[in-house]
Amino acid sequence: MPPIVAIRDLARFVGEQVTLQGWVTHRRSKGRIAFLVVRDGSGNCQAVASVQDVSADQFEQLARLTHESAVRLTGVVREDERAPGGFELQLAGVETVQLAEEYPIGRKEHGIEFLLDHRHLWLRHKGPWAVMRIRDEIVKACRDFMYERDFLLIDSPILTPAACEGTSTLFETDYFGAPAYLSQSGQLYVEPACIAHGKVYCFGPTFRAEKSDTRRHLTEFWMIEPEIAWAGLDEIMALAEQMISHIVARVLERRSEELAILERDTTKLESVTPPFPRLSYDDVAERLTRPDIVARAQQAGAPPFQPGSDLGALDETILGEMFDRPLIIHRYPTAVKAFYMEPDPERPDRALCMDIIAPEGYGEIIGGSQRIHDHELLARRIDENGLPEQAFRWYLDIRRFGTVPHAGFGMGIERLVAWISGARHTREAIPYPRTLRRLYP
RNA sequence: UCCUGGGUAGCUCAGCUGGUAGAGCAGGUGGCUGUUAACCACCGGGUCGGGGGUUCGAGUCCCUCCCCAGGAGCCA
């Protein structure tokens with residue numbers, strides 16, 4: 001029996017007889033010679049057979065193979081310039097494992113709705129294949145980065161009793177007769193854990209029932225959230241910029257083939273190195289009220305920027321385009337930010353927080369802050385925001401027993417994947433996207 | 001929720017000032033010994049998103065509802 005070989009390793013078997021297990025992506029039957037291209041998950045390979053190479057029955061079988069049929073192909077590996085990839089299989093035997101039915105996804109263009117309806121099949125195609133491999137590399141790079149810096153993984157619960165941030169909408173579910181909610185952030189749960197371990201992070205799915213209906217939004221998305229005791233805004237800005245740089249460098253190094261498949265302009269990724277530009281909210285507000293920027297925003301159809309309010313999506317895009325690497329914006333007005341953010345002691349109407357905006361219009365990829373560690377102040381904020389104090393008792397407790405300054409941030413994985421891979425929608429950055437209008441497949 | 005653009009064959013789309021519906025791909029049949037999204041010939045394939053209206057006549061005009069895409073708001 002010839003060895004079963006992955007297409008990626010074919011170069012090591014030139015001149016030898018091997019078996020490939022895969023799926024038919026193309027068939028070009030040309031009279032008494034037939035070409036077959038198969039995919040096995042590790043790559044693509046052309047196989048060729050002429051009538052005299054195989055039995056009449058097998059040649060007939062070859063000619064009938066349909067798109068996505070599962071096959072075992074046995075033959076000798078040959079180097080040949082005419083073959084895509086440089087190697088091909090000279091067929092000696094074909095086994096049809098399953099003759100596929102008429103395959104819905106054609107070789108021409110399709111709309112995004114059709115492709116997402118067939119996501120279970122679309123995952124096989126080279127674009128999604130490359131994006132998923134980049135996603136895998138990004139996730140691994142995140143975990144390695146955390147591990148190498150002595151951050152401990154603390155998984156946060158997905159079923160929670162109440163809101164982490166009062167503003168966002170939650171998915172409600174029935175918990176033995178009582179309401180429970182799908183977590184929209186693990187932050188509140190890593191804060192106590194950083195008191196136990198110093199440096200921690202959580203990494204898991206989060207859920208937001210927001211009516212946000214853009215290509216940047218999912219209702220279920222993955223987020224990595226580091227949290228550090230004895231740290232403030234400066235420490236998390238430095239950590240975030242190192243983390244993003246580390247991830248981008250790692251993808252450039254190990255997933256260049258996938259970036260090439262996606263035709264990603266890698267020069268735009270190579271410039272992503274520390275330090276990132278840092279602007280305060282007030283710097284940004286000044287820029288956004290300059291006449292030329294105002295004119296540009298108006299032309300793009302952006303609602304006019306109001307000093308003191310949060311930034312709009314187009315404001316972020318315009319700001320992001322001013323730099324060749326991610327932009328850190330810090331010290332937003334306390335009034336527009338979450339209740340748990342520490343006020344700047346030098347200017348209490350500004351919070352010690354930061355957002356990081358990805359270049360090329362991919363939007364906010366990180367949001368973080370120093371957390372309020374004073375019990376009285378936090379209790380007042382919870383009250384002012386109309387949040388149920390009962391539900392936050394445990395969270396307030398942390399401020400009663402050895403409270404210290406601490407800070408952390410959340411990074412959205414799909415936006416990061418979309419930006420790095422150049423995908424048009426965050427929906428393409430997750431295997432099975434959930435959006436306002438999609439819960440299938 | 002609002003703004004803009006769409007909905008015609010399995011898919012992607014064309015269809016002029018209203019006159020009985022088209023292409024490419026996919027599928028089927030036949031041909032072809034080095035193809036690269038192979039090619040050539042032939043064949044099958046339609047509730048023109050639903051409902052109502054105007055008209056001798058509606059894919060085309062009007063009303064209404066549904067669905068989709070892009071954007072805004074909110075957010076990662």
Side-chain angles (χ1 to χ4, degrees), chain A residues 25-37 44 46-53 59 63-64 66-68 78 80-86 88 90 100-118 126 164-165 167-169 184-187 205-225 240 297 300-304 309-317 336-338 355-358 361-368 409-419 424-427 429-430 435-438:
Chain A
T25 62
H26 297 270
R27 192 201 66 226
R28 292 184 283 269
S29 173
K30 198 182 179 302
R32 296 190 211 166
I33 187 168
F35 297 90
L36 215 57
V37 180
N44 292 297
Q46 173 171 283
V48 59
S50 52
V51 264
Q52 65 264 31
D53 297 334
F59 195 81
R64 289 185 183 286
T66 50
H67 194 189
E68 292 303 321
R78 274 200 335 219
D80 193 313
E81 280 183 3
R82 292 168 295 186
E88 69 180 12
Q90 181 66 50
E101 295 175 27
E102 186 178 334
Y103 189 64
I105 303 181
R107 304 192 211 290
K108 282 200 140 189
E109 283 182 25
H110 295 281
I112 189 71
E113 185 194 9
F114 176 82
L115 289 171
L116 288 175
D117 279 343
H118 296 84
K126 69 175 187 182
C164 291
E165 305 176 29
T167 53
S168 299
T169 320
Q184 58 183 5
S185 165
Q187 183 205 317
T206 49
F207 307 87
R208 301 207 179 164
E210 288 159 359
K211 298 267 165 72
S212 302
D213 192 14
T214 80
R215 63 189 173 141
R216 295 185 304 280
H217 288 88
L218 299 167
T219 53
E220 177 181 308
F221 64 97
W222 285 64
M223 192 153 64
I224 183 165
E225 296 175 90
S309 68
D310 212 344
L311 303 178
L314 279 162
D315 296 329
E316 288 182 353
T317 300
V336 302
K337 286 292 178 177
D355 284 352
I356 300 187
I357 312 296
Y362 283 92
E364 186 186 333
I365 47 174
I366 279 184
F409 62 81
M411 182 169 76
I413 295 301
E414 286 73 21
R415 286 190 185 176
L416 193 71
V417 172
W419 163 51
R424 294 184 304 281
H425 309 70
T426 51
R427 293 160 227 205
I430 188 166
T435 66
L436 204 52
R437 284 196 286 266
R438 178 171 295 281

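So you know, we letter chains A, B, ... as the sequences are listed, proteins then strands, and number each from 1. Source: prediction; values computed, not measured.
The side chain of Ser50(A) approaches U33(B) more closely than any other nucleotide in the set C75(B), U33(B), A76(B). Closest contact between the side chain of Arg78(A) and the listed nucleotides C11(B), A76(B), G34(B) involves G34(B). Nearest nucleotide to the side chain of His425(A), out of A69(B), C75(B), G34(B): A69(B). Minimum atom distance to the side chain of Glu364(A) is reached by A76(B), of the listed A69(B), A72(B), A76(B). Here the side chain of Asp310(A) is nearest to one of C75(B), G73(B), G34(B), namely C75(B). Listed nucleotides G73(B), G34(B), G70(B) differ in distance to Arg82(A); the shortest reach to its side chain belongs to G34(B). Of the candidate nucleotides G73(B), A69(B), U35(B), G73(B) has the atom lying nearest to any side-chain atom of Thr214(A). Comparing C75(B), U33(B), U12(B) against the side chain of Ile33(A) picks out U33(B) as the nearest. With A76(B), U35(B), G34(B) as the choices, the nucleotide that has an atom nearest any side-chain atom of Arg28(A) turns out to be U35(B).
Among residues two or more places apart in sequence or in another chain, the salt bridge (charged side-chain N to carboxylate O under 4.0 Å, His left out) test is passed with Arg32(A) by none. Remark: Asp315(A) pairs with no residue by the side chain to side chain donor-acceptor pair (under 3.5 Å) rule, at least two apart or across chains. For the ring pair (Phe, Tyr, Trp, His ring centres under 6.0 Å) test, residues two or more places apart in sequence or in another chain that qualify with Tyr103(A) are His67(A), His125(A). Annotation: salt bridge (charged side-chain N to carboxylate O under 4.0 Å, His left out) contacts of Asp80(A) (sequence neighbours excluded): Arg78(A), Arg82(A).
In this entry the distance linking CG of Asp53(A) with P of G34(B) reads 14 Å, nearest Å. A straight line from CG of Asp117(A) to P of G10(B) spans 15 Å, rounded to a whole angstrom. Atom-to-atom, CG of Leu116(A) to P of A69(B) comes out at 8 Å; the value is rounded to the nearest Å. Look at CZ on Phe207(A): it is 19 Å from C1' on C74(B), rounded to the nearest Å. We find that CD of Glu68(A) is positioned 14 Å from P of A26(B), with the value rounded to whole Å. Whole-Å rounding puts the Arg64(A) CZ to G27(B) P distance at 14 Å. A straight line from CG of Leu115(A) to P of U12(B) spans 8 Å, rounded to a whole angstrom. Atom CD in Glu102(A) sits roughly 12 Å away from atom C1' in A9(B) (whole-Å rounding).
As judged by a 4.0 angstrom heavy-atom cut-off over every strand, Gln52(A) is placed among the base-contacting residues. Residue Pro104(A) is classed as having no contact, given no heavy-atom separation below 4.0 Å to the nucleic acid. Among the atoms of the strands shown, none is found under 4.0 Å from any heavy atom of Gly363(A). Backbone-only engagement by Ile112(A) is indicated by non-hydrogen atom pairs under 4.0 Å involving sugar-phosphate atoms exclusively. Within the 4.0 angstrom heavy-atom criterion, no nucleotide atom of any strand lies near Glu414(A).
Taking atom P on both A69(B) and A26(B), the two are 27 Å apart, rounded to the nearest angstrom. Separation of the C1' atoms belonging to C48(B) and U8(B) is 4 Å when rounded to the nearest angstrom. Taking atom C1' on both nucleotides, A14(B) is separated from A23(B) by 7 Å, rounded to a whole Å. The gap from the C1' atom of G46(B) to that of A21(B) amounts to 8 Å, rounded to the nearest Å. Rounded to whole Å, the P atom of G59(B) lies 23 Å from the corresponding atom of G5(B). Remark: the separation of the P atoms in C3(B) and C65(B) is 13 Å, to the nearest Å. G49(B) sits 7 Å from G7(B) when the P atoms are compared, rounded to a whole Å. Spacing of P atoms, C62(B) relative to G22(B), comes out at 25 Å, to the nearest Å.
Residue Phe35(A) and nucleotide G34(B) are not classified as a stacked aromatic pair, given the requirement of ring centres less than 5.5 Å apart at an interplanar angle below 30°.
Of all heavy-atom pairs spanning Met223(A) and Phe221(A), the tightest one is SD-CE1, 3.9 Å. Closest non-hydrogen pair, Thr66(A) versus Ala100(A), comes out as OG1-O, 2.7 Å. Contact between Gly367(A) and Glu364(A) at its shortest, heavy atoms only, is CA-OE2, 3.8 Å. Between His217(A) and Thr435(A), the closest heavy-atom pair is O-CG2, 4.1 Å. Contact record, Ala418(A) with Ala429(A): N-CB, 3.9 Å, taken as the closest heavy-atom pair. Here the shortest heavy-atom pairing between Glu225(A) and Ser185(A) reads OE1-OG, 2.8 Å.
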Between the protein and nucleotides 23-25 of chain B, which nitrogen or oxygen pairs are less than 3.5 angstrom apart?
unit_1 : atom_1 : unit_2    : atom_2 : d
G24(B) : O2'    : Lys108(A) : NZ     : 2.9

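In this structure, the separation between OH on Tyr362(A) and CD on Glu316(A) is 15.0 Å, given to the nearest 0.5 Å.
With hydrogens and angles left out, the side chain of Arg32(A) and the base of U33(B) share no donor-acceptor pair within 3.5 Å. Counting atom types as modelled, Glu113(A) pairs no side-chain N or O with a base atom of G6(B) as donor and acceptor under 3.5 Å. Looking at His217(A), its side chain comes within 3.5 Å of the base of C75(B) through a donor and an acceptor atom.
Consecutive Watson-Crick or G-U pairing (both distances under 3.5 Å) extending over three or more pairs maps onto RNA chain B as B:1-7 with B:66-72, B:10-13 with B:22-25, B:27-31 with B:39-43, B:49-53 with B:61-65.
Remark: the backbone N or O of Trp222(A) is paired with a side-chain donor or acceptor of Glu414(A) at under 3.5 angstrom. Judged by distance alone, with hydrogens and angles left aside, the side-chain atoms of Arg216(A) form no donor-acceptor pair with the main-chain N or O of Arg415(A) at under 3.5 Å.
At least one side-chain nitrogen or oxygen of Arg216(A) sits closer than 4.0 Å to the OP1 or OP2 atom of A72(B). In this model, the phosphate group of G34(B) is approached by a side-chain N or O of Lys30(A) to a distance below 4.0 Å at OP1 or OP2. The side chain of Arg415(A) contributes no N or O atom lying less than 4.0 Å from OP1 or OP2 of C75(B). Phosphate contact (OP1/OP2 of G71(B), side-chain N/O of Arg215(A), threshold under 4.0 Å): present.
Of the two residues near RNA chain B, Gly412(A) and Arg427(A), the one whose nearest nucleotide lies more 5' is Arg427(A). Nearest-nucleotide assignment on RNA chain B puts the 5′-proximal partner with Gly111(A), out of Gly111(A) and Thr219(A).
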